[in-house]
Amino acid sequence: MSNNVQSHQHQQPFSLRAAQISDKSTGFSSRTPISDVLSQHVQETWPGKATCMPKVQNRRRYSLLKPPANDLETPQLMLTWSLEIAMGTTPPSLLLFSLFAAAAYSSPIMCKATNINNHSHLQDLSYIRRAAQISDKSAGFSSPHPNFGCVIATRSGDVAGEGYLYAQGTKPAEVLAVEAAGERSRGATAYVNMEPGDCHGDHTAVSALVQAGITRAVIGMRHPLQHLRGNAIRALRNQGLQVDVLGEDMQSKLVEEAQKACLLVNLPLIYRAASHVPFSVLKYAMTLDGKIAASSGHAAWISSKLSRNRVFELRGRSDAVIVGGNTVRRDNPRLTARHGGGHMPTRIVLSQTLDLPEEANLWDLSDVSTVVVTQRGARRSFQSFLASKGVEVVEFDILNPRDVMEYFHDRGYLSILWECGGTLAASAISSGVIHKVFAFVAPKIIGGKNAPSPVGELGMVEMSQALDLIDVCFEQIGPDMLISGFLQPIPDLTPTIPSEDETFAIDPTVTRFESSIIFFYKTWDPYGAFSNFSPHPIQMPDEDGNYASWLSVEHYYQANKFIGVDNPLAQDWIEKIKSAKSPEEAARMGRLMQRKHPHLVRSDWESVKIDVMYRALKCKFSIYPHLNSMLISTAGSVLVEASPHDLFWGGGREGEGLNYLGRLLMQLRAEFLGESSAASENSCIAL
């Protein structure tokens with residue numbers, strides 16, 4: 001509760017506040033839920049806040065609580081009688097009568113659910129919400145990834161340390177939190193918004209909590225990915241920690257609200273796990289009469305600068321931004337985040353005929369890449385033109401949003417922002433790939449019989465067919481109103497089918513590992529530790545034979561593009577890459593410099609890059625025993641780096657890639673197993 005709310009409570013006797021609230025019931029029927037009455041009161045008392053009131057369950061048991069007469073210093077610790085409220089059936093007057101009956105007490109009376117331990121329970125939920133809040137801190141600075149936040153609180157309730165996962169391939173939130181807490185972690189409680197699920201292969205997050213002396217963990221939600229779901233919870237309990245999971249070991253209305261905060265911060269991961277397509281948001285700005293442009297097509301600007309800044313934030317939170325051909329022809333957009341650094345989403349153009357201009361801002365790849373998706377065989381000459389510009393072209397036999405989203409799901413994308421016109425928006429909605437809508441409504445009227453609207457033909461002829469948004473929120477941004485809501489409910493990932501063990505018992509012919517091919521790509525994949533982006537520091541010798549530390553294999557690989565080049569700018573970028581906060585940023589820096597300043601890349605790079613990667617991988621798998629064991633355990637399986645767009649290091653979408661990363665790992669595995677007669681000198685030292 002904020003300070004201004006606390007002081008507001010204590011300045012007025014509760015009897016007066018109850019009387020004021022009771023007057024708010026004018027216009028409500030006796031069957032109006034008291035939550036709606038209180039909701040209106042809260043909005044009138046503290047205006048200007050975003051209104052997004054959760055639904056209240058139909059029936060709850062509440063207690064009217066008062067402070068003990070001899071404990072004026074702790075007015076929150078109180079206990080009197082219970083009053084059962086049938087939400088939606090009991091008139092608000094019954095509750096207000098009870099409040100007046102207790103108004104003789106000078107301190108404010110508070111309503112809490114009777115199944116809640118008043119102090120510790122509320123503290124648990126407060127810290128879980130804090131963990132969810134800090135988990136989102138890297139939004140816009142790194143590409144979308146599973147968001148983890150951790151708060152360490154002592155037995156006395158003090159926060160000892162906090163941490164959050166900055167990007168894939170960086171230290172887990174739990175490790176950062178216990179490092180910040182130090183010795184105060186002993187006997188403390190760890191609060192995490194989502195069950196740990198790192199890619200280290202040695203349960204680094206779990207080990208950090210156990211070794212720090214944490215005795216209890218409160219977890220906001222189980223991991224949505226099936227291969228990680230429940231693993232960390234079992235591991236922590238096996239180590240003797242008390243583990244409480246929201247919605248399982250802790251239940252109440254307040255718990256549901258805290259759990260929802262944990263769900264919201266990882267929506268892209270949840271939707272991706274459930275629907276096998278990236279989390280997709282449709283964004284548009286329209287006038288008060290529902291137009292996204294004038295009849296002439298002119299649309300700059302419908303919304304205010306503040307609203308456009310919010311759009312830049314939405315782009316920074318996305319892996320990619322999608323537009324159609326009409327938007328490219330009409331608006332010539334740049335589709336950048338324009339925040340002066342950090343993550344820049346890939347720009348995707350969907351065009352069935354490739355009727356696109358040769359001069360367009362999207363063909364400028366100096367800051368970020370562009371992918372054009374089209375129908376197979378469309379304008380071969382223009383495809384060649386785009387390829388000469390460095391634009392990637394992806395063809396589909398039949399172009400439809402569902403297939404396109406499944407393709408980008410395979411590429412590892414978590415979140416996509418659709419900024420298209422009405423025709424493509426209608427097609428995406430009809431295909432069921434749009435999960436959420438952000439509509440910026442400007443207080444303007446433009447009119448026009450032929451002026452375009454944000455959503456084209458959906459084939460609906462009756463208002464009863466209209467799509468209702470779920471969990472609608474309203475927020476005023478300058479002169480505009482932002483209306484947001486979900487077209488599809490948040491998926492319930494609770495398993496409804498037998499587990500793998502049960503399935504195996506039912507059908508003994510089913511094996512857990514039917515395939516002899518093991519795919520890996522993102523660091524959160526089952527074999528994500530094989531990735532060159534995994535967070536395993538290495539030490540490699542420099543040109544003078546002195547060992548230097550690198551945060552990941554990717555850091556070392558990207559910096560080696562410029563090692564040995566006699567140019568101050570090259571030396572400067574080596575240091576920048578070396579100090580990059582994440583492998584993702586190291587890769588972005590190295591690729592950008594290679595694209596913008598090819599003369600700074602060492603002349604022998606193409607002939608030595610495989611050896612550079614091999615030496616770094618060998619160091620990594622030599623000094624981490626658990627990784628060595630994981631690699632050896634794959635004996636007999638083909639290892640494939642499953643990047644569908646990197647055709648050198650990856651295997652491609654349909655096996656057309658060279659898969660050099662997988663090949664190097666299999667070569668290393670053969671060496672470790674003694675199957676190779678080639679012996680190479682160990683060029684690394686243990687950390």
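The figures that follow rest on heavy atoms only: side chains count, while hydrogens, waters and symmetry mates do not.
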I'd like to know if the side chain of [X] reaches the main chain of [Y], judged simply by a donor and an acceptor atom lying under 3.5 Å from each other, with no hydrogens or angles considered.
X	Y	value
Glu195	Gly230	yes
Ser582	Glu585	yes
His145	Ser143	yes
His343	Ser138	no

With side-chain contact (heavy atoms from CB on, under 4.5 Å) as the test, pick out the partner of Val178 among Ser185, Cys150, Pro172.
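Answer to the side-chain contact (heavy atoms from CB on, under 4.5 Å) test with Val178 among Ser185, Cys150, Pro172: Ser185.
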Between Leu122, Val159, Val218, which is the residue that forms a side-chain contact (heavy atoms from CB on, under 4.5 Å) with Tyr127?
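Option passing the side-chain contact (heavy atoms from CB on, under 4.5 Å) with Tyr127: Val159.
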For the atom pair [atom1] ([X]) and [atom2] ([Y]), what is the distance rounded to the nearest 0.5 Å?
X	Y	atom1	atom2	answer
Arg402	Ser275	CZ	OG	7.0 Å
Leu176	Thr170	CG	OG1	7.5 Å
Phe486	Leu264	CZ	CG	5.5 Å
Arg234	Arg229	CZ	CZ	10.5 Å
Leu269	Met221	CG	CE	7.0 Å
Thr215	Gln239	OG1	CD	13.5 Å

Quick one: list whatever passes ring pair (Phe, Tyr, Trp, His ring centres under 6.0 Å) with His435, sequence neighbours left out.
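For His435 the ring pair (Phe, Tyr, Trp, His ring centres under 6.0 Å) partners, ignoring immediate neighbours, are Tyr271, Phe279.
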Counterpart residues, side chain to side chain contact (heavy atoms under 4.5 Å, CB included), relative to Ala320 (two or more places apart):
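Applying side chain to side chain contact (heavy atoms under 4.5 Å, CB included) to Ala320 gives Thr346, Ile348, Tyr413, Ile416.
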How would you list, by chain and number, every residue that makes a side chain to side chain contact (heavy atoms under 4.5 Å, CB included) with Ser643, sequence neighbours excluded?
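With sequence neighbours excluded, Ser643 shows a side chain to side chain contact (heavy atoms under 4.5 Å, CB included) to Tyr521, Glu641, His645, Asp646, given in chain and number order.
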Classify the ring geometry of Phe520 against Phe530: parallel below 30°, tilted from 30° to 60°, perpendicular beyond 60°.
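Perpendicular: the ring planes of Phe520 and Phe530 meet at over 60°.
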Does Asp136 come within less than 4.0 Å of Arg317, counting only side-chain N to carboxylate O?
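Counted as a salt bridge, because a side-chain N and a carboxylate O are separated by less than 4.0 Å.
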Between [X] and [Y], does any side-chain donor sit less than 3.5 Å from a side-chain acceptor?
X	Y	result
Asn147	Tyr164	no
His555	Ser552	yes
Glu584	Ser142	no
Ser534	Lys620	yes

Stepwise salt bridge (Lys or Arg N to Asp or Glu O under 4.0 Å) check, Asp249 with Arg237:
CA-CA 13 Å; Asp249 307 290; Arg237 286 173 173 161; 3.1 Å; yes
A cation-pi test, strictly: NZ or CZ of Lys581 under 6.0 Å from the centre of the six-membered ring of Tyr166 and no more than 45 degrees from its axis. Yes or no?
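The answer is yes; both the distance and angle limits are met.
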